[in-house]
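Some notes on the structure that comes next.
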Number of protein chains: 2
Amino acid sequence: MNRSASIKDVANHASVAVGTVSNVLNYPDRVSQRTKDRVLKAIDELGFVRNDAARQLRAGHSRTIGLIVLDVGNPFFTAVVRAAEDAAALHGSAVLLGDSGHDAAREANYIDLFQEQRVQGLLISPVGDVTERLDLLRERGVPTVLVDRLADEAKFSSVAVDDDAGGYLAARHLLDTGRRRLAFVGGPTSIRQVADRLQGARRAVKEEADATLEVLESEGQTVLAGRSVGNSLVERGREGLPDGIFCANDLLALGVMQSLTMTHTFRIPEDVALIGYDDIDFAVSAVVPLSSIRQPTEALGRTAIQLLAEEVGSRNPTHRSVVFTPELVVRQSTKAN
Amino acid sequence: MNRSASIKDVANHASVAVGTVSNVLNYPDRVSQRTKDRVLKAIDELGFVRNDAARQLRAGHSRTIGLIVLDVGNPFFTAVVRAAEDAAALHGSAVLLGDSGHDAAREANYIDLFQEQRVQGLLISPVGDVTERLDLLRERGVPTVLVDRLADEAKFSSVAVDDDAGGYLAARHLLDTGRRRLAFVGGPTSIRQVADRLQGARRAVKEEADATLEVLESEGQTVLAGRSVGNSLVERGREGLPDGIFCANDLLALGVMQSLTMTHTFRIPEDVALIGYDDIDFAVSAVVPLSSIRQPTEALGRTAIQLLAEEVGSRNPTHRSVVFTPELVVRQSTKAN
DNA sequence: TCGTAACAATGAAACGATTCAAAGATCCGC
DNA sequence: GCGGATCTTTGAATCGTTTCATTGTTACGA
């Protein structure tokens with residue numbers, strides 16, 4: 001299990017200089033066909049594989065970019081990961097992935113690790129207060145792009161989705177299909193995303209003089225939390241029921257849907273329209289296919305890499321904040337009466 | 001924006017030899033307290049960060065292991081990823097993640113990339129026929145552990161879950177709760193996992209003289225495919241209906257559940273019991289909480305890293321295949337009558 | 001045949017860490 | 001004060017690649 005062949009071994013085997021082998025690999029045009037053939041044959045016979053560590057050492061930086069997400073299990077982030085991987089591949093680099101799991105300590109670990117790896121740049125959806133660490137990185141010339149969080153444009157670029165606009169879209173759609181007694185389900189409102197979506201919904205409701213918006217705070221963002229809110233709605237009976245419900249995410253919406261349909265007292269969308277947020281895979285296959293707000297995750301990931309690429313090249317980088325607008329996906333759960 | 005400080009800069013700044021700085025970092029005990037303090041101060045002042053490329057070059061190998069999964073979006077794999085990351089962190093190494101997306105070309109790309117990175121070992125859930133590439137790796141002393149696929153033990157270690165046992169468990173549970181006319185929903189049977197689960201179910205059914213098993217092949221493994229199978233069952237009416245249904249995964253089961261409950265003609269579990277496979281997050285929050293078969297993903301990932309760690313050390317590694325037994329999770333959808 | 005482009009090939013130096021034999025300090029007992 | 005043991009520190013050599021100034025080769029028109 002002797003150590004693997006180096007460029008020197010290849011050079012000896014092909015009776016050329018090491019520089020020539022390097023040229024074959026990096027600048028094939030500079031090498032004559034005959035030598036190229038000999039070298040390639042030698043490479044093949046020895047099973048030579050480039051040692052990336054040595055390349056990096058010489059180059060001063062790696063060909064990887066770091067990506068730190070809050071949770072690989074979250075469909076939003078897996079989509080971003082995939083897009084980032086694809087986009088990076090186009091630039092000829094690879095993605096180092098770290099999952100902070102909402103844990104500031106793990107996040108810090110990954111930042112340090114990636115710094116030792118001399119990543120070309122960093123994509124991060126931050127948990128803790130990492131501005132200090134990121135400032136250090138920036139001073140060293142490692143650009144950072146914040147994902148799903150707006151940033152001080154003097155310092156960082158960022159990509160995010162406009163949750164206020166998403167909330168507006170959802171509520172506006174309910175209003176446009178004739179609903180007037182709206183309810184917002186979500187919580188805790190200390191979560192920025194929740195607060196922004198609610199704010200957007202409020203904005204839409206204000207546009208209609210006769211429309212009202214009731215806020216039903218949920219315990220978390222799960223199906224079960226949604227079901228418990230749904231149950232309390234069912235208890236109100238037909239009188240007190242809103243005619244349009246906007247949930248801060250699809251899981252909540254599915255929970256609410258279960259409560260309302262299970263009892264067979266209310267029909268969706270005839271008695272009450274229901275719209276969620278995120279457009280998860282399950283939305284389309286719910287009992288009543290769920291209308292939702294789709295976030296352009298693919299574009300988000302791609303753009304993040306692109307912003308990073310712009311900064312990696314330049315000496316005096318300018319920063320940009322790109323905000324994406326979410327998209328309304330209409331399905332049966334909000335069909336007009 | 002000047003290039004970052006090297007160990008030499010630190011040595012100058014602290015007026016010691018480079019070897020001493022290295023010792024401070026790697027063998028603190030060899031260094032006197034006074035020098036240690038001076039060096040650490042210099043490191044701090046210069047903001048020195050180790051260059052991992054140089055370390056690797058010297059060491060001949062990296063401190064990373066490669067992990068190639070079929071799909072980061074799949075909860076099974078995200079669980080494995082998390083477990084692997086945690087386990088690797090304990091060994092002081094990091095995980096390089098690649099998503100092959102069921103694409104043999106991307107898979108091959110990642111293998112090559114990881115080889116250039118000189119990963120210490122490789123965890124892979126293979127798509128294409130990679131035995132050749134993996135053989136090459138093995139000859140170079142890079143051990144590989146196959147995930148979720150059994151391997152020739154002469155060559156590789158592997159970790160997998162016993163799908164036959166899972167199928168048996170599911171069917172046995174239906175039988176134990178008094179059901180006798182069973183149906184298996186899944187397809188295409190060319191997928192190994194589907195075939196194995198069916199085989200296990202058959203084994204269980206054979207144990208009861210008066211039990212029967214009907215196979216309903218589905219078009220894929222989605223909620224919609226399940227719903228279409230469910231609809232055809234509803235059409236049969238109460239007579240032809242099985243009294244216990246085992247679906248090859250939870251998505252199918254949820255689809256079947258939707259069909260059966262939507263029409264309000266059949267009740268779960270009174271008229272028909274339903275059990276799925278994988279125990280996805282949604283199983284517990286289905287309209288009728290779904291019984292399922294849980295795969296020990298966490299143990300799987302942890303063990304995979306451990307097997308790898310065993311081989312990384314040894315000169316003449318022995319291979320092991322670890323097969324995990326899945327676990328029955330009973331919920332309301334299979335409650336006894 | 002000569003001069004000169006244009007093209008190919010060479011190999012030493014550099015990247016930044018670790019290693020290790022050797023040199024230098026320090027301490028202790030007598 | 002001395003010999004010897006122990007503890008610290010030193011710095012050149014090394015890992016495998018890329019770079020680039022230099023040298024060698026070829027081709028072609030005059």
Side-chain angles (χ1 to χ4, degrees), chain A residues 2-40 42-43 46-64 92 113 115-120 140-141, chain B residues 2-40 42-43 46-64 92 113 115-120 140-141:
Chain A
N2 33 7
R3 82 180 202 310
S4 50
S6 78
I7 211 174
K8 209 181 234 163
D9 301 325
V10 174
N12 285 337
H13 196 260
S15 312
V16 295
V18 289
T20 304
V21 178
S22 176
N23 282 334
V24 169
L25 295 170
N26 299 300
Y27 308 94
D29 295 348
R30 292 190 192 162
V31 185
S32 75
Q33 191 60 46
R34 257 164 42 92
T35 4
K36 208 171 358 185
D37 288 346
R38 275 229 309 291
V39 170
L40 290 175
I43 286 178
L46 297 179
F48 165 76
V49 176
R50 259 183 166 97
N51 183 326
D52 202 60
R55 298 186 77 185
Q56 283 186 209
L57 177 56
R58 186 71 238 267
H61 62 86
S62 73
R63 293 168 307 134
T64 55
L113 178 67
Q115 207 172 343
E116 290 192 4
Q117 305 284 345
R118 296 291 191 275
V119 293
Q120 290 189 282
R140 299 229 169 89
Chain B
N2 33 10
R3 81 177 205 312
S4 49
S6 76
I7 209 174
K8 207 181 234 162
D9 302 324
V10 174
N12 286 337
H13 197 260
S15 312
V16 296
V18 290
T20 304
V21 178
S22 176
N23 281 334
V24 169
L25 295 169
N26 300 298
Y27 308 95
D29 295 348
R30 292 190 191 160
V31 185
S32 76
Q33 190 60 47
R34 256 166 42 93
T35 5
K36 206 168 4 184
D37 288 345
R38 275 228 311 293
V39 170
L40 290 176
I43 286 178
L46 297 179
F48 165 77
V49 177
R50 259 185 168 95
N51 183 326
D52 203 59
R55 298 186 79 185
Q56 283 186 208
L57 178 57
R58 187 72 237 267
H61 62 86
S62 72
R63 291 168 309 134
T64 56
L113 178 67
Q115 206 171 345
E116 290 191 3
Q117 304 283 348
R118 298 289 192 273
V119 294
Q120 290 189 281
R140 300 229 169 90

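In the text below, chain A, chain B and the rest are named by the order of the sequence lines, each starting its count at 1.
Listed candidates were D:dT18, D:dG11, C:dA17. Nearest to the side chain of B:Asn51 is C:dA17. Comparing D:dT9, C:dT10, D:dG11 by their closest approach to the side chain of B:Ser32 singles out D:dT9. Residue B:Asn23 places its side chain closer to D:dT10 than to any other of C:dG16, C:dT18, D:dT10.
Axis angle, first five pairs versus last five pairs of the helix from C:dT1-D:dA30 to C:dC30-D:dG1: 40°, rounded to 10°.
Closest approach of B:Arg38 and B:Ser15 over heavy atoms only: NH2-O, 3.5 Å.
In this structure, CD in A:Gln56 is found 6.5 Å from CD in B:Gln56, a value given to the nearest 0.5 Å. Atom-to-atom distance recorded for A:Gln33:CD and A:Asp37:CG is 4.5 Å, nearest 0.5 angstrom. Here the CG atom belonging to A:Leu57 is positioned 11.0 Å from the CG atom belonging to A:Asp52, to the nearest 0.5 angstrom. Of the inter-residue distances, the one linking A:Arg50 atom CZ with B:Gln117 atom CD reads 12.0 Å to the nearest 0.5 angstrom.
The shortest distance between the side-chain N/O atoms of B:Asn26 and the OP1/OP2 oxygens of C:dT18 is below 4.0 Å. Between A:Tyr27 and D:dT19 there is a side-chain polar atom (N or O) within less than 4.0 angstrom of OP1 or OP2. At the phosphate of C:dA8, neither OP1 nor OP2 sits under 4.0 Å from any side-chain N or O atom of A:Thr35. The phosphate of C:dA9 has neither OP1 nor OP2 within less than 4.0 Å of any side-chain N or O from A:Arg34. Using a 4.0 Å cut-off, some side-chain N or O of A:Thr20 falls inside it from OP1 or OP2 of C:dT10.
What separates CD of B:Glu116 from P of D:dC15 is a distance of 21 Å, to the nearest Å. The CG-C1' distance, from A:Asp29 to C:dA9, rounds to 16 Å in whole Å. Look at CD1 on A:Ile7: it is 15 Å from P on C:dA9, rounded to the nearest Å. One can place CG of B:Asn12 at 17 Å from P of D:dT9, the figure rounded to the nearest angstrom. The CG-P distance, from B:Leu25 to C:dA17, rounds to 9 Å in whole Å. Atom CG in A:Asp9 sits about 11 Å away from atom P in D:dC15, given to the nearest Å. Taking atom CZ on B:Arg50 and atom C1' on C:dC15, their separation rounds to 17 Å, with Å as the unit.
Taking every heavy atom of residues 54-64 of chain A and every atom of DNA chain C, pairs under 4.0 Å involve A:Leu57, A:Arg58, by number.
Using a 4.0 Å heavy-atom distance criterion, A:Val31 is classed as a sugar-phosphate-only contact. Using a 4.0 Å heavy-atom criterion, one finds that B:Val16 contacts the sugar-phosphate atoms exclusively.
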